[in-house]
K.L.:
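Encoded as structure tokens, here's the structure I'll be asking about.
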Number of protein chains: 2
Amino acid sequence: MGKIRDIDRSSFEPAYIQLVNILRDQIASGEFRPGQRLPSEAQLCQRYQVSPMTVRRAINILIDRGLVSTAQGRGTFVKPIELSTVVFGLDEFTGIFTKNADTKVRLLEVRIVKSDEEIAKRLAIDVSDRAILIRRLILKENEPTIYHKEYLVYDPTRPIVEGEMEVTALYGLFTGTGETALKRGELAIEVTVLDEKEANLLKAPPMLPAFRLEHIFYDFDDRPASWGTFLCRGDRLRFTTTVGLSVNTDEKDIRI
Amino acid sequence: MGKIRDIDRSSFEPAYIQLVNILRDQIASGEFRPGQRLPSEAQLCQRYQVSPMTVRRAINILIDRGLVSTAQGRGTFVKPIELSTVVFGLDEFTGIFTKNADTKVRLLEVRIVKSDEEIAKRLAIDVSDRAILIRRLILKENEPTIYHKEYLVYDPTRPIVEGEMEVTALYGLFTGTGETALKRGELAIEVTVLDEKEANLLKAPPMLPAFRLEHIFYDFDDRPASWGTFLCRGDRLRFTTTVGLSVNTDEKDIRI
DNA sequence: AAGTGGTCTAGACCACTAT
DNA sequence: TAGTGGTCTAGACCACTTT
């Protein structure tokens, strides 16, 4: 059935990548079924005329991708698909910012506020300490799609304030080109329905279901720097992913 | 500031893991800031008395984790955090099945139905071909939490039917121990609100926002075998994740 | 004892970038 | 030209599992 492939030493593709793709194809074609053992690493060295380190590297990549698992002294085994390994990216969400240039960020409000109890708690400051409130509307093809509300710690000595004030500051976060003052973030996704005010801003019917993406970002001193939420119309967003051997990779093979 | 660590050759932890943790800590502490260059691989070999392959392996892990990026001929650089790299696991969702043993699956209905247009389309069969409808209610601590509705291709020659009919068949999918006849799956997450019937089943108020997790699973011949949706009360589910250097890993270090 | 995965070495050679 | 990352070798030694 599947024609036997060798590793092409003249290819621009590294040997370990070629080996990953060969093994992946053998799993995808059903030649190696879930639960079955792969040839031992020594056998793969022999068969494909590569060194143990090269085989090992290929196997490690297959482990990373959840296709196989190894057991010392026993062998390498094909894994059945498993829902608990599934991950969803924010591609569909961040794509709104980056894909087309047809995305506009409209600054609705920038204001200094006295923090209430919740703001103080999230930003680890004292109640009635000052914070900066920023409200933005993100438009996709001139249609309001995401409403963003964010509180920033007000501290002139901390550089993040300057950067975040700009309307385009969001862009860096999404593309990884901008903000370097943030060390880490915590994110959560919930479902909600739009209240009247939110629906108004998003030109949507009230009670429309929506995604709520909450975020807290911390600086390198582990102090909260920003707390806020993105509110995204549920009818304009849908997160998708695959588990197991996605059919797309059959053509393109994996990238380095 | 940060005390200088060496690699402990007597440790049970491999050298490359120790090196990953050392570099990770240096990034987390701000010793290496986003945009800055790390010491060259040759320097790291010298400094930590390990071979180039070991350094390379550590760097590759840091790349995987999104902490650094490399540029041939230029060096290795600390990456700023980036929202487009964020991934959400289904841990909070699958945890309902696996965490406690206090989860029950109640089979509401198993019935053979003639497929309508939508079912036929999803399962790649002809309209009015037979399909198996399974409806389940998943209870967490005796509270109905998830409603699952699934259509299976009806084909006695295909083994999946047998396996899926069992009430506990879901368990394997979540833990990766069970079904070996499935090659891949496509998943999507949407928001919705419960209609009256769904609310009734979940003992929830109608119009409650909810997550809708749709799935199609394919067999090794790339034919759809199952199409269905999980409906999960929005007030009982919240997906969380982190970006950048999560504070938890500081204590535990990374696993192998 | 034999076979398996897991780590590690001390180099080699290549491609690319900066100077 | 010198420095950087990237791949690869041909072994070695170890820990573990199976027979």
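Quantities reported herein were computed from a predicted structural model and do not represent experimental measurements.
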K.L.:
Provide, to the nearest angstrom, the distance between the CG atom belonging to Leu19(A) and the P atom belonging to dT7(D).
P.N.:
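It is 14 Å, rounded to the nearest whole Å.
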K.L.:
Starting at the 5' end of DNA chain D, which residue's closest nucleotide do you reach first, Gly75(B) or Arg57(A)?
P.N.:
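First, find each residue's nearest nucleotide; the 5'-ward one identifies Gly75(B).
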K.L.:
Taking 4.0 angstrom as the limit, do Lys104(B) and Glu141(B) come out as a salt bridge?
P.N.:
no
K.L.:
Does Tyr16(A) place a side-chain N or O at less than 4.0 Å from the phosphate oxygens OP1/OP2 of dC8(D)?
P.N.:
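So the side chain of Tyr16(A) is outside the cut-off, no N or O lying under 4.0 Å from OP1 or OP2 of dC8(D).
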K.L.:
Between Ser40(B) and Met53(B), which has a closest nucleotide on DNA chain D that is more 5'?
P.N.:
Ser40(B)
K.L.:
In whole angstrom, what separates Phe77(A)'s CZ from dG3(C)'s P?
P.N.:
17 Å
K.L.:
Round to a whole Å and report the spacing from CG of Leu62(B) to P of dG5(D).
P.N.:
13 Å
K.L.:
Would you mind telling me which of Asp221(B), Asp219(B), Asp222(B) makes a salt bridge (charged side-chain N to carboxylate O under 4.0 Å, His left out) with Arg184(B)?
P.N.:
Asp222(B)
K.L.:
Rounding to an integer number of Å, can you tell me how far Arg74(B) CZ sits from dT17(C) P?
P.N.:
8 Å
K.L.:
Could you please name the option among dT9(D), dG5(C), dA10(C) that lies closest to any side-chain atom of Ser51(B)?
P.N.:
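So the nucleotide nearest the side chain must be dA10(C).
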K.L.:
Any side-chain N or O of Thr54(B) under 4.0 Å from OP1/OP2 of dT9(C)?
P.N.:
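Yes, such a contact exists.
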K.L.:
What integer distance in Å separates Ile63(B):CD1 from dT4(D):C1'?
P.N.:
13 Å
K.L.:
Which nucleotide, dA18(C), dT7(D), dT9(D), lies nearest any side-chain atom of Pro14(A)?
P.N.:
dT7(D)
K.L.:
Between dG5(D), dG5(C), dG11(C), which one does the side chain of Pro52(B) approach most closely?
P.N.:
dG11(C)
K.L.:
Given atom CD of Gln43(A) and atom P of dA2(C), what is their separation to the nearest angstrom?
P.N.:
17 Å
K.L.:
Heavy atoms, side chains only, cut-off 4.5 Å: are Arg37(A) and Phe32(A) in contact?
P.N.:
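Arg37(A) vs Phe32(A): side chains apart.
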K.L.:
Find the distance Phe12(B):CZ to dC16(D):C1' and express it as a whole number of Å.
P.N.:
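The answer, rounded to whole Å, is 17 Å.
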K.L.:
Is the closest side-chain heavy-atom distance between Val153(B) and Arg223(B) below 4.5 Å?
P.N.:
no
K.L.:
If you check every side-chain atom of Gln72(B), which of dG5(D), dT9(D), dA15(D) has the closest atom?
P.N.:
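Given the options dG5(D), dT9(D), dA15(D), the side chain of Gln72(B) is closest to dG5(D).
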K.L.:
Looking at Arg9(B), does any N or O in its side chain come under 4.0 Å of the phosphate oxygens OP1/OP2 on dT9(C)?
P.N.:
yes
K.L.:
Just compare dC16(D), dT9(D), dT4(D) and give me whichever is closest to any side-chain atom of Arg37(B).
P.N.:
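The answer is dT4(D), which lies nearest to the side chain.
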K.L.:
Is the distance between the ring centroids of Phe211(A) and Phe239(A) less than 6.0 Å?
P.N.:
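Yes: the rings meet the under 6.0 Å criterion.
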K.L.:
How close or far is atom P of dT7(C) from atom CD1 of Ile7(B), stated in whole angstroms?
P.N.:
14 Å
